[in-house]
Amino acid sequence: MSYSNALHNYQQVQSDSARDASPHQLITKLFDGLLQRLASARGHMERNEIADKGQCLGSSISIIGGLRGSIDHNAGGDIARNLDDLYEYCERRLLAANLDNEIGAIDEVMGLIKDVRHAWIDIPAEDSRQPLAIAATGS
């Protein structure tokens, strides 16, 4: 199997997986993808692979933007504001990590996102079936 065929098959499985996922599962997939890209960015930074590092950090910032966009500020109250602030902080830290080759900033963001992910997956099953905009606020 050629590389392009393998890549196409992988993308198809990912697409099918996302299409069949609940809103709660989709957010979990965003967290997982974000953590994976952050780990890759860290490795690229350690190996001084500047272009790949920048690509992974840019993708990470885009995923955080997607997470921010899923927050329902009307229904979420203080939780929504705090989560938005946290995501904004993570975006700023990743920009600094990219500019200054600061591995510590990537590690910090990974720790914060892992904490949010753990809280997210601990949401009771009945709450995870709520519409995405409400569930994303944790309320």
Side-chain angles (χ1 to χ4, degrees):
M1 177 182 291
S2 74
Y3 172 77
S4 62
N5 285 342
L7 179 61
H8 174 73
N9 290 341
Y10 173 78
Q11 289 171 336
Q12 186 61 44
V13 169
Q14 293 292 62
S15 176
D16 290 345
S17 174
R19 184 176 42 248
D20 297 335
S22 71
H24 190 265
Q25 291 168 324
L26 288 173
I27 296 295
T28 303
K29 287 178 184 294
L30 285 174
F31 285 132
D32 292 344
L34 174 57
L35 290 169
Q36 183 179 47
R37 282 167 183 78
L38 289 170
S40 293
R42 190 181 197 288
H44 292 306
M45 189 178 289
E46 289 173 338
R47 293 184 299 275
N48 202 31
E49 299 167 347
I50 304 304
D52 292 332
K53 171 203 72 169
Q55 184 177 19
C56 286
L57 288 174
S59 178
S60 297
I61 292 168
S62 292
I63 292 171
I64 293 171
L67 290 166
R68 284 182 80 187
S70 72
I71 298 171
D72 183 342
H73 292 274
N74 294 325
D78 288 339
I79 292 172
R81 279 188 296 283
N82 292 339
L83 193 55
D84 188 63
D85 289 345
L86 177 70
Y87 289 150
E88 180 186 13
Y89 175 77
C90 289
E91 289 171 334
R92 284 187 282 124
R93 291 298 290 149
L94 293 178
L95 287 170
N98 193 28
L99 291 172
D100 301 330
N101 281 325
E102 188 182 338
I103 288 177
I106 295 175
D107 291 342
E108 178 186 9
V109 171
M110 287 179 77
L112 293 169
I113 295 300
K114 284 179 184 178
D115 289 346
V116 175
R117 184 191 181 280
H118 288 301
W120 179 254
I121 60 174
D122 286 344
I123 293 174
E126 62 273 7
D127 293 338
S128 70
R129 288 189 214 105
Q130 293 179 15
L132 179 60
I134 295 171
T137 64
S139 53

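Values below: every heavy atom of this structure, side chains too, minus hydrogens, waters and symmetry copies.
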For this session: Check whether Ile61 and Leu99 end up in the same hydrophobic cluster, where Ile, Leu, Val, Met, Phe, Trp and Tyr are linked by side-chain heavy atoms less than 4.5 Å apart.
Result: no
Exercise. At what distance, to the nearest 0.5 angstrom, does OG of Ser60 lie from CG of Leu35?
Worked result: 9.0 Å
Exercise. What distance separates Ile64 CD1 from Leu38 CG, expressed to the nearest 0.5 Å?
Worked result: 6.5 Å
Exercise. OG of Ser70 to CG of Leu30: how many Å apart, nearest 0.5 Å?
Worked result: 7.5 Å
Residues 75-84, side-chain donor-acceptor partners within the protein, below 3.5 Å, at least two apart:
from, atom 1, to, atom 2, distance (Å)
Asp78, OD1, Arg81, NH2, 2.1
Asn82, ND2, Asp78, O, 3.3
Asp84, OD1, Arg68, NE, 2.8
Asp84, OD1, Arg68, NH2, 3.3
Asp84, OD2, Arg68, NH2, 3.2

Problem set entry | ILVMFWY network linking Leu94 to Ile50, side-chain heavy atoms under 4.5 angstrom | no
Exercise. Which residue pairs pass the salt bridge (charged side-chain N to carboxylate O under 4.0 Å, His left out) test when at least one of the two sits in residues 54-66, sequence neighbours left out?
Worked result: none
Exercise. Quick one: side-chain contact (heavy atoms from CB on, under 4.5 Å) partners of Asp115, sequence neighbours excluded?
Worked result: none
For this session: Check side-chain contact (heavy atoms from CB on, under 4.5 Å) between Glu102 and all other residues, then give those that pass, not counting sequence neighbours.
Result: Arg93, Asp100, Ala105
Exercise. What do the steps show when you test Val116 against Leu67 for side chain to side chain contact (heavy atoms under 4.5 Å, CB included), and what is the final call?
Worked result: CA-CA 11 Å; Val116 175; Leu67 290 166; over 6 Å; no
Problem set entry | Nearest heavy atoms of Met45 and Ile103, plus distance in Å | SD-CG1, 3.3 Å
For this session: Quick one: list whatever passes salt bridge (charged side-chain N to carboxylate O under 4.0 Å, His left out) with Glu88, sequence neighbours left out.
Result: none
For this session: Would you name the heavy atoms of Ala97 and Leu57 that are closest together and state the gap between them?
Result: C-CD1, 4.4 Å
Exercise. What are the two closest non-hydrogen atoms of Lys53 and Ala41, and how far apart are they?
Worked result: CG-O, 4.1 Å
For this session: Report yes or no: does Ser59 contribute a side-chain atom to a donor-acceptor pair with the main-chain N or O of Gln55 at less than 3.5 Å?
Result: no
For this session: Using a 4.5 Å cut-off on heavy atoms from C-beta on, say whether the side chain of Phe31 contacts that of Ile121.
Result: no
Seminar exercise, completed: Applying salt bridge (charged side-chain N to carboxylate O under 4.0 Å, His left out) to Asp32 and not counting sequence neighbours gives Arg117
For this session: Supply the atom-to-atom distance Cys90 SG to Met110 CE, rounded to the nearest 0.5 angstrom.
Result: 12.0 Å
Exercise. Going through the distances and angles, do Ile113 and Tyr87 end up as a side chain to side chain contact (heavy atoms under 4.5 Å, CB included)?
Worked result: CA-CA 9 Å; Ile113 295 300; Tyr87 289 150; 4.2 Å; yes
Exercise. What is the ring orientation for Trp120 with His24, classed by angle as parallel under 30°, tilted 30 to 60°, or perpendicular over 60°?
Worked result: parallel
